[in-house]
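Take a look at the structure set out below.
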Amino acid sequence: MALTNWWMLIPILLAVVALSALFVLRDRPAEPGSGLLAANTDRMRRTPRFVRLARDHRRWMLVQVIAVTLLVLGASLLSARLSDAAGGDSEQHNRDVVLCLDVSGSMQEIDAGLMESFAELAGELRGERIGLVIWDSSAVMKFPLTNDYTFIAEQLETGVRELEDYSYNWSRGTYEGNGSSLIGDGLASCVLRFDRPDEPRARTIILATDNLVNGDAIYTLPQAVELAVDKEIVVHAVAPRMREETREMRRQVARTGGLTYTMDDRTGVEQVVGSIETMDRQRLRGLPTATASDQRAPGLVLVGLGLIGLFVAAWRLRQ
Amino acid sequence: MALLTKVKTRMAIHAHRKVRGLLDGEYQSFHSGRSMDFQDLREYVAGDDVKDLDWKASARKGELLVKRYHAERKHTILLVVGRGRSMAGLCPDRTPKNEIAIFAAGVMGYLATKHSDYVGMVYGDAEEVHSVRPATTELALERMLGHLVEPTSAAGDLTGCLDYVTRAIRRRTIMVVITDDVDLSEEDERLLRLLRVQHEILFLTLADLDPTDPGLESTPVIDADTWDAIPAFLRNDAQLHAEIAAADAERHARRRRTLERLGIAGEHITGEDQVIMTLFRLLERHRHGND
């Protein structure tokens with residue numbers, strides 16, 4: 001429970017203070033000549049009827065004061081927007097997924113499959129953000145984390161097409177380093193793609209590579225994984241088939257809590273994506289969420305009670 | 001002489017010539033037989049008129065002596081009037097009570113000065129009580145009435161005034177008490193019994209405006225004690241009005257019994273136009289009571 005527009009309380013407080021001051025100041029002795037002077041009213045005050053009338057009047061005045069207090073409290077809650085931090089929906093859409101694709105020749109099939117799956121998935125996503133980084137000997141960010149799903153789908157479909165056409169134009173910039181499939185550098189680049197470090201979001205990297213490192217990398221795989229562990233990023237790896245290098249990769253990826261999938265055909269890719277999805281969802285349930293929903297009920301109930309009290313008291317006092 | 005002129009004018013307005021003559025007559029008959037006191041000399045006491053001093057006798061005796069005959073022949077009307085804040089309140093006819101007090105005191109004082117009698121005054125409230133030395137002139141009376149023009153902020157206090165009279169006034173007087181619509185306490189009764197021995201007492205009470213009177217309609221009514229407006233939920237309550245009227249009647253009956261027991265003539269005034277007739281009735285009742 002928190003007040004979203006807590007600053008709205010300031011004008012309300014000021015208004016209450018001003019009105020109270022007005023009432024206090026207005027409660028001055030009458031001006032001479034403003035009415036007929038009646039002396040010895042204590043005789044009236046001693047009659048039983050007066051005692052009864054005064055007691056009833058005081059009682060209804062008290063009701064009125066309480067009603068106004070409730071009304072002000074209710075109005076304060078409503079205008080300050082009391083909100084509840086706990087989301088009712090277990091589906092929480094604050095995930096960031098960076099597709100981290102090795103675009104060396106051997107990975108083309110898997111890359112295309114992953115991109116295709118994610119392009120299809122983009123239509124169903126809400127709140128999640130997807131980014132795409134491709135790398136070989138150097139990394140290139142095709143697009144940053146975004147939730148513009150038409151753009152994502154478009155980009156991924158373009159990627160699939162370009163890959164199938166063996167277009168170097170699309171993967172330009174990934175051959176600037178020495179060697180190929182520099183997995184450490186690639187993964188490190190992907191780790192650095194996550195923004196909003198303060199927000200509690202589920203961060204996932206889907207690393208597609210065969211781990212056939214060839215050349216001098218700046219980061220080794222363990223160093224890059226270390227980076228991911230520091231930032232609490234889960235790295236899932238997808239490799240073409242189980243080999244010695246893949247096992248090494250699986251060990252490293254397991255340190256981040258991620259899994260390693262191997263596959264040979266496209267149906268495999270879809271299963272991988274599905275399984276990553278399920279796993280992330282489960283992981284998300286435990287995370288605190290930033291979504292807040294306005295709690296109008298308490299404010300409305302207070303305002304309602306206040307209004308009823310005010311009307312009843314006014315009616316009684318008028319009699 | 002503004003106040004006394006007003007009193008005289010009102011006397012002319014409110015009383016027929018006949019009644020006015022009667023009032024004069026009442027006053028005279030009230031005093032008949034009183035000038036036959038034995039003439040002698042007695043020691044001077046503070047408050048005696050210096051004119052009454054018998055200088056030759058004083059010289060012979062070596063102390064001040066006053067002529068008793070001369071001093072006693074002139075009567076003294078002592079006006080005992082409250083001037084607390086309750087006097088700022090209105091009578092049921094919407095005349096301020098202090099104006100009615102001035103009128104009544106003025107009529108009594110004026111009749112006395114016309115007979116060359118002394119008129120003195122004791123006035124006060126819960127905080128202080130003052131007295132004005134008895135005098136025979138209209139100017140002195142005018143000045144006395146002037147003390148009643150501005151009611152003070154203190155509460156009214158009849159008991160205090162009566163107590164003051166028992167301690168400070170030594171001569172026999174005809175006391176005219178003008179006060180609120182009081183409920184006489186045991187202390188009041190004790191003091192009045194004490195005073196009755198020395199003085200003739202006429203007791204005049206002034207009624208208060210009833211805030212619940214339906215005749216006031218929606219004219220604002222202010223409590224003279226607190227200066228708060230009296231709220232409508234009280235003023236429009238018929239039952240409260242009835243209970244106040246019942247309480248008033250009960251109190252009046254109680255006071256009437258007490259005054260009768262003490263042999264004091266009492267009258268109640270609810271408006272300016274009743275002053276002359278009430279005073280007339282009061283004097284007459286007193287005369288009958290004394291015969």
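Small disclaimer: the values here were computed from a predicted structure and weren't measured. Below, chain A is the first sequence line, B the second, and so on; all start at residue 1.
No hydrogens or angles considered: nothing links the side chains of D181(B) and T205(B) as a donor-acceptor pair under 3.5 Å.
Residue V221(B) is tested with T212(B), L216(B), L234(B), D213(B) for a side-chain contact (heavy atoms from CB on, under 4.5 Å); the sole match is L216(B). Here the options are R251(B), K97(B), R94(B), the test is salt bridge (Lys or Arg N to Asp or Glu O under 4.0 Å), and the partner is D208(B); only K97(B) passes.
For D210(B), no part lies under 4.5 angstrom from a heavy atom of chain A. Contact annotation for D237(B): only side-chain heavy atoms (C-beta onward) come within less than 4.5 Å of a heavy atom of chain A. With a 4.5 angstrom heavy-atom cutoff, S86(B) touches chain A via backbone and side-chain atoms both.
Checked against a 6.0 Å centroid threshold, the rings of H147(B) and H130(B) do not count as neighbours.
In terms of non-hydrogen atom pairs under 4.5 Å with chain A, the most contact-rich of I244(B), D223(B), D248(B) is D223(B).
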